[in-house]
Peer 1: 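Below is the structure I would like to discuss, written out as structure tokens.
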Amino acid sequence: HEQLVQSGGGLVQPGGSLRLSCAASERSLDVYEIGWFRQAPGKEREAVSCIRRRDGTTWYADSVKGRFRISRDIPGNTAYLQMNNLKPEDTAVYYCGAVGRRNMGQPMCITDDQEYWGQGTQVSVSS
């Protein structure tokens, strides 16, 4: 079973908003950094945004800066992605990913580094 459980997503018109949530299925899961990655049809999975659980340091892809905002709820080991001013090019399956403390000191939000994944959720932006 996936160790990260996602919720949110759906269909929205351009300019609309959606919120994604991602929670660790077990409180004991070692989460140092958590975030979202997306994969559009025919494309590789790419990093969208990540946040470090302890100090809240964030990283955003240039394509979403100023439109998306990531946050976390430390006690619940949960992260949220608020997506505003959505564009058709944001359409993709969004996956939650996380890494443990072994990733300390490494660059943020590297797709191949993720140790845990969520089940994925479709985000579609269309008029």
Side-chain angles (χ1 to χ4, degrees):
H1 66 89
E2 280 83 11
Q3 291 167 295
L4 300 175
V5 179
Q6 299 178 222
S7 61
L11 173 64
V12 67
Q13 293 186 341
S17 298
L18 286 172
R19 189 188 194 217
L20 304 181
S21 299
C22 174
S25 59
E26 300 169 7
R27 292 185 66 88
S28 61
L29 198 66
D30 174 27
V31 174
Y32 170 70
E33 180 183 304
I34 191 168
W36 271 267
F37 302 76
R38 67 187 180 188
Q39 189 165 18
K43 294 188 176 181
E44 292 190 354
R45 192 171 298 188
E46 64 175 5
V48 176
S49 181
C50 293
I51 187 167
R52 288 194 172 147
R53 184 170 175 268
R54 283 194 177 271
D55 64 12
T57 301
T58 58
W59 180 94
Y60 294 93
D62 288 343
S63 58
V64 306
K65 281 180 182 176
R67 300 188 298 121
F68 291 12
R69 182 176 180 274
I70 193 169
S71 59
R72 91 277 193 217
D73 166 21
I74 295 176
N77 229 3
T78 302
Y80 307 93
L81 185 68
Q82 178 65 41
M83 304 185 291
N84 299 322
N85 191 21
L86 282 159
K87 303 177 180 181
E89 51 263 42
D90 294 317
T91 296
V93 177
Y94 283 67
Y95 295 91
C96 179
V99 293
R101 283 169 289 177
R102 73 175 193 182
N103 215 57
M104 212 175 284
Q106 300 301 310
M108 292 185 71
C109 231
I110 304 298
T111 306
D112 290 345
D113 286 351
Q114 304 309 300
E115 297 176 58
Y116 315 113
W117 289 103
Q119 76 274 24
T121 187
Q122 179 69 45
V123 170
S124 298
V125 185
S126 174
S127 55

Peer 1: Is it the case that atom CD in E89 sees more than 12 heavy atoms from other parts of the structure closer than 6.0 Å?
Peer 2: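 Yes, enclosed.
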
Peer 1: Using every non-hydrogen atom in the two residues, find where D73 and Y80 come nearest and quote the distance to one decimal.
Peer 2: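 Of all heavy-atom pairs spanning D73 and Y80, the closest is CB-CE1, 4.0 Å.
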
Peer 1: Restricting to non-hydrogen atoms, name the atom on V93 and the atom on Q122 that form the minimum distance, rounded to 0.1 Å.
Peer 2: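 It is CG2-OE1, 3.3 Å.
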
Peer 1: Evaluate the criterion side-chain contact (heavy atoms from CB on, under 4.5 Å) for residue pair R45 and W117; output intermediate values, then yes/no.
Peer 2: CA-CA 12 Å; R45 192 171 298 188; W117 289 103; 3.4 Å; yes

Peer 1: Can any side-chain N or O of S49 pair as donor or acceptor with the backbone N or O of W59 at less than 3.5 Å?
Peer 2: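 Such a contact is found between S49 side chain and W59 backbone.
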
Peer 1: Considering non-hydrogen atoms only, spot the tightest contact between M83 and L20 and give its length.
Peer 2: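 What the structure gives for the nearest pair is CE-CG, 3.8 Å.
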
Peer 1: Between CD of E115 and CG of L4, what distance do you get to the nearest 0.5 Å?
Peer 2: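 These two atoms lie 10.5 Å from each other.
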
Peer 1: Just one of V64, V123, I70 clears the side chain to side chain contact (heavy atoms under 4.5 Å, CB included) bar with L81, so which one?
Peer 2: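 Answer to the side chain to side chain contact (heavy atoms under 4.5 Å, CB included) test with L81 among V64, V123, I70: I70.
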
Peer 1: Where do L18 and V125 land on the side-chain contact (heavy atoms from CB on, under 4.5 Å) test, with the steps shown first?
Peer 2: CA-CA 10 Å; L18 286 172; V125 185; 5.9 Å; no

Peer 1: Name the one of R52, R101, R53, R54 that satisfies side chain to side chain donor-acceptor pair (under 3.5 Å) with E33?
Peer 2: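 Of the listed options, the one satisfying the test is R52.
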
Peer 1: Taking E44's backbone N and O only, do any of them form a donor-acceptor pair with Q39's side chain (distance below 3.5 Å, no angle check)?
Peer 2: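 Flag not set: sc Q39 to bb E44 has no pair under 3.5 Å.
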
Peer 1: Can you list everything that forms a side-chain hydrogen bond (donor to acceptor under 3.5 Å, both in side chains) with S71? Sequence neighbours excluded, please.
Peer 2: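 Partners of S71 by the side-chain hydrogen bond (donor to acceptor under 3.5 Å, both in side chains) criterion come out as none, since no residue qualifies.
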
Peer 1: So how far is it from M108 CE to I51 CD1, rounded to the nearest 0.5 Å?
Peer 2: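 Rounded to the nearest 0.5 Å, the CE-CD1 separation comes to 7.5 Å.
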
Peer 1: Give a yes or no on whether a salt bridge exists between D90 and R38, defined as a side-chain N under 4.0 angstrom from a carboxylate O.
Peer 2: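 A salt bridge links D90 with R38.
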
Peer 1: If you measure from OG1 on T111 to CZ on F37, what distance do you get to the nearest 0.5 Å?
Peer 2: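 That separation rounds to 5.0 Å.
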
Peer 1: Find out whether Y60 and C109 are in side-chain contact, i.e. whether some heavy atom of one side chain is under 4.5 Å from a heavy atom of the other.
Peer 2: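 Y60 vs C109: side chains apart.
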
Peer 1: Is the number of heavy atoms from other residues, nucleotides or ligands under 6.0 Å of R67 CZ greater than 12?
Peer 2: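 Check passes, neighbour count above 12.
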
Peer 1: If you look at every heavy atom in A79 and I34, which pair is closest and at what distance?
Peer 2: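 Closest heavy-atom pair between A79 and I34: CB-CG2, 3.5 Å.
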
Peer 1: Check whether Q6 reaches the backbone of C96 with its side chain - one donor and one acceptor, N or O, closer than 3.5 Å.
Peer 2: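 Yes, Q6 side chain to C96 backbone: donor-acceptor pair under 3.5 Å.
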
Peer 1: Considering all heavy atoms of both residues, which atom of T91 and which atom of A40 are nearest to each other, and what is their separation?
Peer 2: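 Result for this residue pair: O-CB, 3.9 Å.
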
Peer 1: Restricting to non-hydrogen atoms, name the atom on A98 and the atom on V31 that form the minimum distance, rounded to 0.1 Å.
Peer 2: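 The answer is CB-CG1, 4.3 Å.
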
Peer 1: So Y94 and F68, would you call those rings parallel, tilted or perpendicular, with 30° and 60° as cut-offs?
Peer 2: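 Tilted: the ring planes of Y94 and F68 meet at 30° to 60°.
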
Peer 1: Does any part of the side chain of Y116, heavy atoms only, come nearer than 4.5 Å to the side chain of D30, both counted from C-beta?
Peer 2: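 They are in side-chain contact.
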
